[in-house]
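Please read the structure below before turning to the comments.
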Amino acid sequence: MLNLNLDQLNPEQRQATTHIDGPLLILAGAGSGKTRVITTRIAYLIQRGIKPESILAVSFTNKAATEMKERVAGVTGPKLAKQVYLSTFHSLGADILRRDIDALGYKKPFAILDQGDQNAIIRDALKEFRLDPKIVDPGRILSIISKAKMGFCEPKDLPELRHDPLTQYAQKIDGFYKKALKGLNAVDFDDLICLPVHIFEQHEKIRQKYAKKFQYVMVDEYQDTNMLQLLFLNHLVKDHQNLCVVGDDDQSIYGFRGAVAENILEFERQFEGTVMVKLEQNYRSTNLILDAANAVIANNEVRKDKALWSAAGDGEKLRYIECDDDREEAEYVAAEIERYKLDYDLDYSDFAILYRVNPQSRVFEEALRTYSIPYTVLGGQEFFDRKEVKDFVAYLRACANPNDEVSIRRIVNVPPRGIGPTLLERISEFAHVNKWTFRRALNELARDPSRVEGIGHKVSDKLSDLVDMLDDFGDRFEAAEQDPTVRLAELGRDVLKRTHMINHILSTEKNPRIARRRVDNVEEILSSLAYYQDRSGGTLQKFLTRIALDRSDMNDKSEEQKGVKLMTLHSSKGLEFPCVFLVGMEEEYLPHIRSMNNPQDLSEERRLAYVGITRAKRHLTLTSAATRMRYGKAEDREPSRFLAEIPPETIDIQRAGDAQSLADQREAQNQKYLSALKAQIFKS
DNA sequence: TAGTGTGCCGTTTTT
DNA sequence: CGGCACACTA
Ligand SMILES: Nc1ncnc2c1ncn2[C@@H]1O[C@H](COP(=O)(O)OP(=O)(O)OP(=O)(O)O)[C@@H](O)[C@H]1O
């Protein structure tokens, strides 16, 4: 019935897979089949008669969750796989809150704030306390508040920040921030996990409901979990202890997000009777790649030593290519992709370009475009941080949920309707004294503007136009939920028209290129809405929830799968590619300039290098540039210190700047390309 | 309140 | 280079 074959596992993997009850820890190096064990184990449990809906598998990213779902479906078939609860911590938390947030005195539905929204609230707080945002950086305050939540404590209790002068401000602002969120009936990302924990603590019945439902719990990438997530898990599993976690301390790269490697290192002590399984055979990479990775990570002092080996043979040596500048680097990589593709009969989708920070993708995108190589950039949330994108999404949210005060406040003066900060404040006050929602206050003012000082006919006309529009589209979107023939994207386009947002963009942005781009961004929301509706048949509500929780992959998947993948080292975790380019191997990128000063951060950078190297199955090229255009100026760069940690016998060093060799390669490449073309023509 | 200009500053990494 | 916060004017 099930397509489950345990012969595809080595003895240790099999032991882990067939372990059913009680805590299980799988601690193993990269590419040793940890994720495979999780997916196979899910299938095995189902085969043993365990109900799929009582299995919870949590992973870290939406991408990993989707991939796991597919892998499970491959073994059990899609019908059973669908019933397994497989998602990220944050989606699970959001689901719990959707059902039970009223237990904490919030209303349903609640709003999920993004970083921009959070930032605005911190800025409000700074104003309230008369603090200068130049001295008290809102971003850092936010990160302290977030760290506190992830440690399930208050800012002042954070040991590592005890002496940070910002911490006392954060402590003060924390209270304001929490109240503000509750007042807005909104939660931030950390709350998606934090509030469920509160619910579990305060309402034993609710806790039991979930603990009973999820009889078997599995967590991938456990080294990236934080204190809060451990608490959360413990509430779910403390009755039955059926928790299986999988991870690798060498791949712990989310320290900045509160991840504590202790979770995995202390697991055996925290969960009595833990069975531990180590996996030592790597099935992903050839040995030279593995040797290089092992040598690099061995420079970290604090780690559990692992003996990774591969039966795949030595394979090809790594290559380090030193380029003169960033454009040469990008062009070199593009040319090499073509060459490898022909030499090894690879597909574009077999290639990945990995880098440390998102903006590094740009140069490569340009080069790939000029070479007509298809590609996709994964991750990077700048798209959703664009003003025009946030504005339009806020309109959609305001239509879908009249109580979404954050969104309504955002769009009430976009395009300008004569409501500046002072009027906005007065309207809030007006709502507050009458115990109305912000939206209700707007409705009243649309009818009777005299109730708030400073609102004239012009403003109130526009206001009534706005509330009419929100009502109208709210109804239409709601009606669309019953009628699948309604095109959500068309409705969305009508919203765009009715609000004149496009005109607003075109008239405020005088640089036509940028104006165009902004309009395109708004259009992209519409096309992803259309795509979403076609694929999942969901409602606007669901679409909005989805983009709040998962801001990646809103494009056509089949298109995406075809091309070369560009992504940060962080997003590459858990993935594998036959041919990897690790680009920008320079000091200040890797290690990143902000992580060069203390040894702990530096170790995490090294782990990042380790993650990057171990993504490669067969071909790995590292590149650096001697000079790089940054902020419109050329900057000198030094090769990364981690390059020196790679054993010389595993790597070949070349200069791309060697014009001769580059020209030769191009020539050879052209030849090959021509003959391949010829062969194809003759075949058909 | 809207619209323009100036000057600053940067870029981790993600849910 | 490009985006953003702030200040100043109409
Ligand atoms: N017993 C096995 N026989 C053959 N191939 C295997 C076996 N176990 C795992 N693999 C393959 O090895 C590769 C790595 O597996 P997987 O992604 O599960 O490793 P991982 O430990 O999760 O890696 P990482 O820590 O880097 O995320 C995959 O291509 C998988 O199919």
Side-chain angles (χ1 to χ4, degrees), chain A residues 58-65 87-94 112-116 118-120 123 132-134 137-139 143 146 149-150 187-194 221 224-226 228-229 252-259 354-362 378-382 384-387 413-424 454-456 458-459 504 507-511 513-514 517-518 547-552 567-573 584 588-596 601 604-605 607-608 611-612 628-635:
Chain A
V58 188
S59 71
F60 226 61
T61 62
N62 294 290
K63 210 189 311 150
S87 80
T88 64
F89 273 108
H90 291 87
S91 319
L92 171 60
I112 301 173
L113 298 188
D114 66 23
Q115 235 162 13
Q118 296 180 56
N119 225 292
R123 279 177 187 279
D132 183 356
K134 281 201 196 85
D137 174 23
S143 102
S146 165
K149 257 187 218 170
M150 292 184 295
V187 307
D188 66 19
F189 257 95
D190 303 315
D191 287 336
L192 292 176
I193 299 162
C194 194
E221 309 284 10
D224 290 321
T225 54
N226 55 42
L228 182 60
Q229 286 158 336
S252 164
I253 54 175
Y254 284 97
F256 70 93
R257 214 166 82 179
L354 308 181
Y355 38 79
R356 177 66 230 266
V357 298
N358 289 121
Q360 285 179 268
S361 69
R362 265 189 80 165
L378 286 100
Q381 63 269 297
E382 24 24 322
F384 285 96
D385 288 337
R386 293 259 162 70
K387 199 178 152 330
N413 205 33
V414 178
R417 296 189 176 90
I419 299 166
T422 37
L423 266 188
L424 195 63
I455 294 191
K458 251 166 116 180
V459 172
H504 174 237
S507 60
T508 42
E509 182 57 65
K510 43 192 65 156
N511 181 335
R513 266 170 47 100
I514 296 179
R517 199 161 68 214
R518 292 204 160 155
I547 61 176
L549 254 32
D550 179 7
R551 347 188 84 193
S552 66
M567 71 190 95
T568 63
L569 289 164
H570 284 88
S571 336
S572 76
K573 197 171 49 131
E588 305 196 346
Y589 266 161
L590 193 68
H592 192 270
I593 186 161
R594 309 265 290 245
S595 301
M596 295 192 355
D601 288 349
E604 187 151 314
E605 297 293 304
R607 291 194 286 271
L608 229 26
V611 167
R628 187 174 287 282
M629 287 300 273
R630 264 157 58 104
Y631 316 134
K633 274 206 299 277
E635 266 179 28

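Chain letters run A, B, ... following the sequence lines, proteins first, then strands; residues in each count from 1. Being a predicted model, the structure only gives us computed values, none of them experimental.
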**Message:** Is there a side-chain contact between A:N226 and the phosphate of B:dT15, meaning an N or O under 4.0 Å from OP1 or OP2?
**Reply:** no
**Request:** Report which part of the nucleic acid A:T508 touches: base, sugar-phosphate, or nothing (heavy-atom distance under 4.0 Å, all strands).
**Result:** nothing
**Message:** Please classify the nucleic acid contact of A:D190 as base, sugar-phosphate, or nothing, using heavy-atom distances under 4.0 Å.
**Reply:** nothing
**Fill in**
To the nearest angstrom, the CZ-C1' distance between A:R630 and B:dG10 comes to 9 Å
**A:F256 CZ to B:dT14 P, straight-line distance once rounded to whole Å** = 7 Å
**Message:** Need one value for A:R362: base, sugar-phosphate or nothing, where a base atom within 4.0 Å counts as base even if backbone is also close, heavy atoms only.
**Reply:** nothing
**Prompt:** Just checking A:E588: base, sugar-phosphate only, or nothing, at a heavy-atom cut-off of under 4.0 Å?
**Reply:** nothing
**Prompt:** Checking side chain to side chain contact (heavy atoms under 4.5 Å, CB included) for the pair A:R417/A:V459: CA distance, chi angles, key distance, verdict?
**Reply:** CA-CA 6 Å; A:R417 296 189 176 90; A:V459 172; 5.8 Å; no
**Item:** Between B:dT15 (C1') and A:Q118 (CD): distance, integer Å
**Value:** 11 Å
**Prompt:** Does the side-chain ring of A:H592 sit on the six-membered ring of the B:dT12 base, less than 5.5 Å centre to centre and under 30° in tilt?
**Reply:** yes
**N or O in side chain of A:N413 less than 4.0 angstrom from B:dA2 OP1/OP2** = yes
**P gap between C:dC4 and B:dT13, integer Å** = 16 Å
**Prompt:** Hey, does A:L423 reach any base, or is it just sugar-phosphate, or nothing, if we go heavy atoms under 4.0 Å?
**Reply:** sugar-phosphate
**Prompt:** Are A:R628 and A:Y589 close enough, and set up right, to give a side chain to side chain contact (heavy atoms under 4.5 Å, CB included), and what steps lead you there?
**Reply:** CA-CA 12 Å; A:R628 187 174 287 282; A:Y589 266 161; 3.6 Å; yes
**Asked** Looking for any heavy atom pair under 4.0 Å, which part of the strands does A:S91 touch: base, sugar-phosphate only, or nothing?
**Response** nothing
**Request:** Could you grab the distance from atom CG of A:D224 to atom CD of A:Q229, nearest 0.5 Å is fine?
**Result:** 9.0 Å
**Request:** Tell me which of A:T61 and A:S507 sits closer to the 5' end of DNA chain B, going by the nucleotide each one is nearest to.
**Result:** A:S507
**Asked** From A:S572 OG over to A:L608 CG, what is the distance, rounded to the nearest 0.5 angstrom?
**Response** 8.0 Å
**Request:** Rounded to the nearest angstrom, tell me the gap between atom CG in A:L378 and atom P in B:dT15.
**Result:** 11 Å
**Asked** Between B:dA2, B:dT15, B:dT1, which one does the side chain of A:P416 approach most closely?
**Response** B:dA2
**Asked** So what does A:Y254 hit on the nucleic acid, given a heavy-atom distance under 4.0 Å: a base, only sugar-phosphate, or nothing?
**Response** sugar-phosphate
**Message:** If you assign each of A:L549 and A:I593 to its closest nucleotide in DNA chain B, which residue comes earlier from the 5' end?
**Reply:** A:I593
Show each protein N/O and nucleotides 3-5 of chain C N/O combination with a separation under 3.5 Å, one pair to a line.
unit_1	atom_1	unit_2	atom_2	d
C:dG3	OP1	A:R517	NH2	3.1

**Prompt:** How is A:P359 classified with respect to the nucleic acid when contacts are heavy atoms under 4.0 Å: base, sugar-phosphate, or nothing?
**Reply:** base
**Message:** Would A:T568 and A:R356 count as a side chain to side chain contact (heavy atoms under 4.5 Å, CB included) here? Give the steps.
**Reply:** CA-CA 5 Å; A:T568 63; A:R356 177 66 230 266; over 6 Å; no
**Message:** Once rounded to the nearest 0.5 Å, what's the spacing between atom CG of A:L569 and atom CD of A:Q360?
**Reply:** 8.5 Å
**Message:** side chain to side chain contact (heavy atoms under 4.5 Å, CB included) for A:L549 and A:L192? Distances and angles first, verdict last.
**Reply:** CA-CA 10 Å; A:L549 254 32; A:L192 292 176; 3.8 Å; yes
**Request:** In whole angstrom, give the distance that lies between atom CD1 of A:I253 and atom P of B:dT13.
**Result:** 12 Å
**Message:** Measuring from atom CG of A:D114 to atom CZ of A:F189, what distance do you get when rounded to the nearest 0.5 angstrom?
**Reply:** 8.5 Å
**Complete:** Atom CZ of A:F189 and atom C1' of B:dT14 are separated, to the nearest Å, by 9 Å
**Request:** Would you please confirm or rule out a distance under 4.0 Å between OP1 or OP2 of B:dT1 and any side-chain N or O of A:T422?
**Result:** yes
**Request:** Would you give the length of the straight line joining atom CD1 of A:I193 to atom CG of A:N226, rounded to the nearest 0.5 angstrom?
**Result:** 6.5 Å
**Nearest-angstrom distance from the residue atom CD1 of A:I419 to P of B:dT1** = 9 Å
**Message:** OP1 or OP2 of B:dT15 versus the side-chain N and O atoms of A:N62: is any pair under 4.0 Å?
**Reply:** no
**Request:** Figure out the CZ/P separation between A:R607 and B:dT12, and round it to whole Å.
**Result:** 19 Å
**Prompt:** For A:F89, which contact category applies under a 4.0 Å heavy-atom criterion: base, sugar-phosphate, or nothing?
**Reply:** nothing
**Prompt:** So, is A:S571 near the phosphate of B:dT14, with a side-chain N or O under 4.0 Å from OP1 or OP2?
**Reply:** yes
